[in-house]
Amino acid sequence: MRLWKSKVHSGMAYDPDIAYRTDTCVALGSMTYKCQWCNALKWKDETLGMCCSAGKVQLERLKQLPEPLYSLMTSFGGKQVTADGFLPTFKVKGQVYHLIGSILPEPEQGAQYLQIYFVGEDEREDMLHQVNPYIKDLKSAIDKISPSESFKVHHITPDQIDNVICAEIPDPIRDPQLHEIVKCNMIHGPCGCFNRNSPCMKDNACSKHYPENLIKETQTGDDGYPKYKRRSTDDGGFSVNIKGVDIDNHWIVPYNPVLLRTFNAHVNVEYCSSVKSIKYVCKYVNKGSNQASFALENEKDEIKTYESGRYISSSEAVWRILEFPIHERFPTVVYLAVHLENGQRVYFNKQNLHDRVNSPPTTTLLSFFDLCKVNDFAKNLLYPEVPAYYVWDKKKFQRRKRGVNVVGWPDIKREHALDRVYTVHPNNTECYHLRMLLHEIRGPISFEALKTVNGQVYPTFKFTCKALGLLEDDEYLYAALEEAALCQSPHMIRDLFTIILVFCQVTDPLYLWDKFKEYLSEDFKIRLERQDSVDVEHLADVALNKCLSVIEDSVLALGGQPLKEYGLPQPSKSEQFDNREYLKETSYDLVALEDVVRNNEEFLNDEQKCSRWNWKNFLNQFDFSEFRSTRDIALAVASSGIAATLLEGGRTAHATFKLPLNLTASATPFCNISKQSNFAEVLKDIKLIVWDEITMAHKGGVEALNISLKDIRENKRLMDGVTVLLAGDFRQTLPVVPKGTRTDEVKSCLKRSTLWPKINILKLSKNMRVHLGKEKFAGGFSDLLLEIGNGDYPSFDEMITIPENLCTVVTTVQDLISKIYPDIAHIHDKPMEWLCERAILTPKNDQAAVINDTLMMSFEGEEKVYISIDTVVNMDDATNYPVEFLNSLKPPGMPYHRLILRVGIPIMLLRNLKPPKLCNRTRLKVKALHRNIVEATILTGCAKGETVFVPRIPLIPNDHPFEFKRLL
């Protein structure tokens, strides 16, 4: 065995050949050495003279403690009492002696130390301070020690977890000592069917969730706890036999090998990365050690003395006896009151009732109003910002004397202080909206000032919030259509009306129709006026009917309901065809499709002709054209919105097949398609489904499609015999698993699906862009990507060096911007192609936000700030998640609470509005900014160059423990 020399980070680098347990820092031996000056007992390796500074320190003898301290502070012996299913207890008798020694017992000896700290509400602690003259000196010395530095917690990878925590039986040949320790100390139970009477059994199941599942690699868990590597015996794991039962890694409690080898005890080590870890720490810091009541008895006494004690370490006992602080709180938290005028809480009794009624006590809110009346700096602050600059002292706000100086205000200092404005339930309507205004209006001097907007005083706080646009109602929808009606064609207004009707949860759709029906049907009316066959008296009715018919078709195409379900008039149609989904998939121009087949067939290469099923990039229309030219139904879907825009009639797979948003929530996900729906009729007659970018889709999506096709077509064959073409490249992006590891991503990809062995694999290796374009640089770039994807390109520590001939390496963000967007100051003069061919990619959204802000400051243009309206879906959550907290959230795939746009900048759509024209990730260029709509030009896809309106759209993220809606 080798010596344990380096102990830094040794817990993450276990070595079975190191003698941990016999190291001098662990095995101190017995205290058999005496100090020659003070006769204190010492350990062998303890520095000589350290106890009394080689005789220089002479302590006076302690006085005998008065009762009851003498009885309590004199040690006593005890007898351990055990019972089945319960923790051991101790029966204490008599007075014995104090012992001190090694933290670990000597070889062949058992544990013999127990510390008990007595607690009570009497004067025993004060008495101890009076009779011990050294306590005050020690406290003064410790008070001079500076506080420790703060630490940062970094994310840990699965490999690092495996270096620290193990949940497997060690190799009995390679590490027999650790194997024996784990066998004796770290096996749970076994419980369950092996032992129904085990203490961990609750409701016929193990409360500790054993046995655990066997997995080959460590994986992150959904609740912040990882699933540790537990290999089966077939995969290289080991097992032990205990009392005739074979135990494998199902039953191993996670441990750290170094700690186990060092202390030879049950030491459970876990890793937690969720917010529960903070709760866990705070809980145990405040609850104290385990406490028990016990009796101090004398056999001759008839009365027992009961005491309450806690099991703690010696160091903690000294810390508590000396009355040092147990915890600290930073930063300062200031609670701010919220109440209506003359509605503050008042406490009174019979004696002060008259005074309290005539002079009610002031509050932080009233003091804030008074501060804004006399202090110019306070007029620039919101109510929650006040505690950072002012201290609430003696019933009023006073300037902070410590902190950082505020630029431009020499007498003002800023300190890190948190505000906590008391939450209010929405049922308390006026007070709830008052609280919202206090987070929006700066420097109010009274309640009336909070109700004033642009010189107009509103009767209630709720009306004031509406005037400021802080509440969601139909007014912004009316304003959006009014803005569009001023200068745009009826066709664009109808598209906007359709989007609003389907996505914006209109409260009164009929009122919206009655208010704007003239604008919506204006072009139909003009067209009919030019025809002599239409009766003048019925011309308006015919135009409105045609308008309603077009709107209904658009609504149904977006997945909406017939207009009668929205409370709108139902249009009458001469040709009634109920299944518009079926009509949409069969109404293609046959002549145009045949031309596509005829014109592109000659460009097929040998691989594509042999495989016959061909796809990707160059042939993205050929297969569809061939199928649809014979009136067969072929569906085009893609895993991403950008890929869907490149397909003729393409949509995202989630929107087409009604896939669950969270495919990991269910073991057997399925598509939300009714067998009686119109789309089910399409699936019954479908012949081909092409799913592009399948490699970045979760395997649950394909499995859900398989289950739904079998159910709808009432057949048990794979995909019910429908030809499904899955296109993609596993060298590209795999499914994104939030907070997941590489193992989690691999586990969720198509290759881990039960359908993978049944898939026929065809390969296309010739790059058609290079083949047809004859570009040498494109060929070299393509070959380089293949080398990287295949793992053939030289790498070091999973990092590659990008060759200089491939790109230009820059060192600053400003250099990157100038290279990608040269002469951006004249962005208004740039053609659409200039924006389409360039973009900056970042791994995180906050980095993209910083670069976007820098880019927008690089050119002039009309600017507008859009503020979102954030509300919780369940009103009972309003007190737990107030509005200002919702505003601070930045969920992925959603805009921030404060969105700044300028005319001329490129933007990206974040949800499907009107596929395939407006899909998720469609790129647009801002043309004009209105208060409630953004007018933009489409940059990519089948509708490139077309101008569209984008209104405020409600979005609900699905990756939070609660549901909230952001309207922006």
Using side-chain heavy atoms (C-beta onward) and a distance below 4.5 Å, is [X] in contact with [Y]?
X      : Y      : result
Phe949 : Val934 : no
Ile938 : Leu918 : yes
Ile689 : Phe657 : yes
Asp692 : Val637 : no
Arg952 : Tyr476 : yes
Ile827 : Tyr821 : no
Ile800 : Pro794 : no
Leu889 : Asn887 : no

[X] [atom1] to [Y] [atom2] distance, which is reported to the nearest 0.5 Å:
X      : Y      : atom1 : atom2 : answer
Ile907 : Thr937 : CD1   : OG1   : 9.5 Å
Ser868 : His897 : OG    : NE2   : 5.0 Å
Leu726 : Ile694 : CG    : CD1   : 5.0 Å
Thr218 : Tyr271 : OG1   : OH    : 12.0 Å
Leu855 : Ile824 : CG    : CD1   : 4.5 Å
Asn912 : Lys917 : CG    : NZ    : 13.5 Å

(request) Check whether the ring centres of Phe962 and Tyr881 lie less than 6.0 Å apart, and answer yes or no. (result) yes
Is a side-chain donor or acceptor of [X] paired with a backbone partner of [Y] at a separation under 3.5 angstrom?
X      : Y      : result
Ser795 : Gly791 : no
Thr854 : Val850 : yes
Thr695 : Asp729 : yes
Arg414 : Ala388 : no
Arg966 : Leu886 : yes

(request) Under the side chain to side chain contact (heavy atoms under 4.5 Å, CB included) rule, what do Leu924 and Leu909 come out as? Steps first, then yes or no, please. (result) CA-CA 8 Å; Leu924 309 97; Leu909 205 59; 4.3 Å; yes
(message) Could you walk me through whether Leu470 and Ile869 satisfy the side chain to side chain contact (heavy atoms under 4.5 Å, CB included) test, starting with their C-alpha distance in whole Å, then the side-chain angles of each, then the deciding distance to 0.1 Å, before giving a yes or no?
(response) CA-CA 6 Å; Leu470 303 180; Ile869 300 174; 6.0 Å; no
(request) Kindly indicate, with the supporting measurements, whether the criterion side chain to side chain contact (heavy atoms under 4.5 Å, CB included) is fulfilled by Phe796 and Thr801. (result) CA-CA 9 Å; Phe796 177 75; Thr801 301; over 6 Å; no
Are there over 12 heavy-atom neighbours, none belonging to [X], within less than 6.0 Å of that residue's [atom1]?
X      : atom1 : value
Arg898 : CZ    : no
His828 : NE2   : yes
His960 : NE2   : yes

Quick one: closest heavy-atom pair of [X] and [Y], and the distance?
X      : Y      : value
Arg752 : Val746 : CG-O, 3.0 Å
Ile933 : Ala480 : CG2-CB, 3.5 Å
Pro891 : Phe964 : CG-CZ, 3.8 Å
Thr940 : Cys836 : CG2-SG, 4.4 Å
Trp409 : Asn380 : CZ2-ND2, 3.8 Å
Leu659 : Gly701 : CD2-O, 3.9 Å

(message) Quick check with a 6.0 Å cut-off and a 45 degree axis cone: is Lys413 positioned over the face of Tyr389's six-membered ring?
(response) no
Ion pair [X]/[Y], N-O distance below 4.0 Å:
X      : Y      : answer
Lys914 : Asp495 : yes
Glu483 : Arg931 : no
Asp823 : Lys830 : yes

(request) I would like to know whether Arg731 and Asn790 meet side chain to side chain donor-acceptor pair (under 3.5 Å); could you show each step before the answer? (result) CA-CA 7 Å; Arg731 291 170 293 197; Asn790 293 330; 2.8 Å; yes
(message) Quick test of your reading: applying salt bridge (Lys or Arg N to Asp or Glu O under 4.0 Å), list the pairs with at least one residue in residues 849-864, sequence neighbours left out, ordered by first then second residue.
(response) Glu863-Arg902
(request) Assess whether side chain to side chain donor-acceptor pair (under 3.5 Å) is satisfied between Ser748 and His698, documenting all intermediate values. (result) CA-CA 6 Å; Ser748 63; His698 195 282; 4.5 Å; no
(message) Please evaluate residues Thr947 and Glu935 with respect to the criterion side chain to side chain contact (heavy atoms under 4.5 Å, CB included), reporting the C-alpha separation (whole Å), side-chain torsions for both, the decisive distance (0.1 Å), and the verdict.
(response) CA-CA 7 Å; Thr947 301; Glu935 187 176 349; 3.7 Å; yes
(message) Ring-plane angle category for Trp756 and Phe730, please: parallel below 30°, perpendicular beyond 60°, tilted otherwise.
(response)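 Rings of Trp756 and Phe730: perpendicular, over 60°.
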(request) Please check if any side-chain donor atom of Asp815 sits under 3.5 Å from a side-chain acceptor atom of Thr812, or the reverse. (result) yes
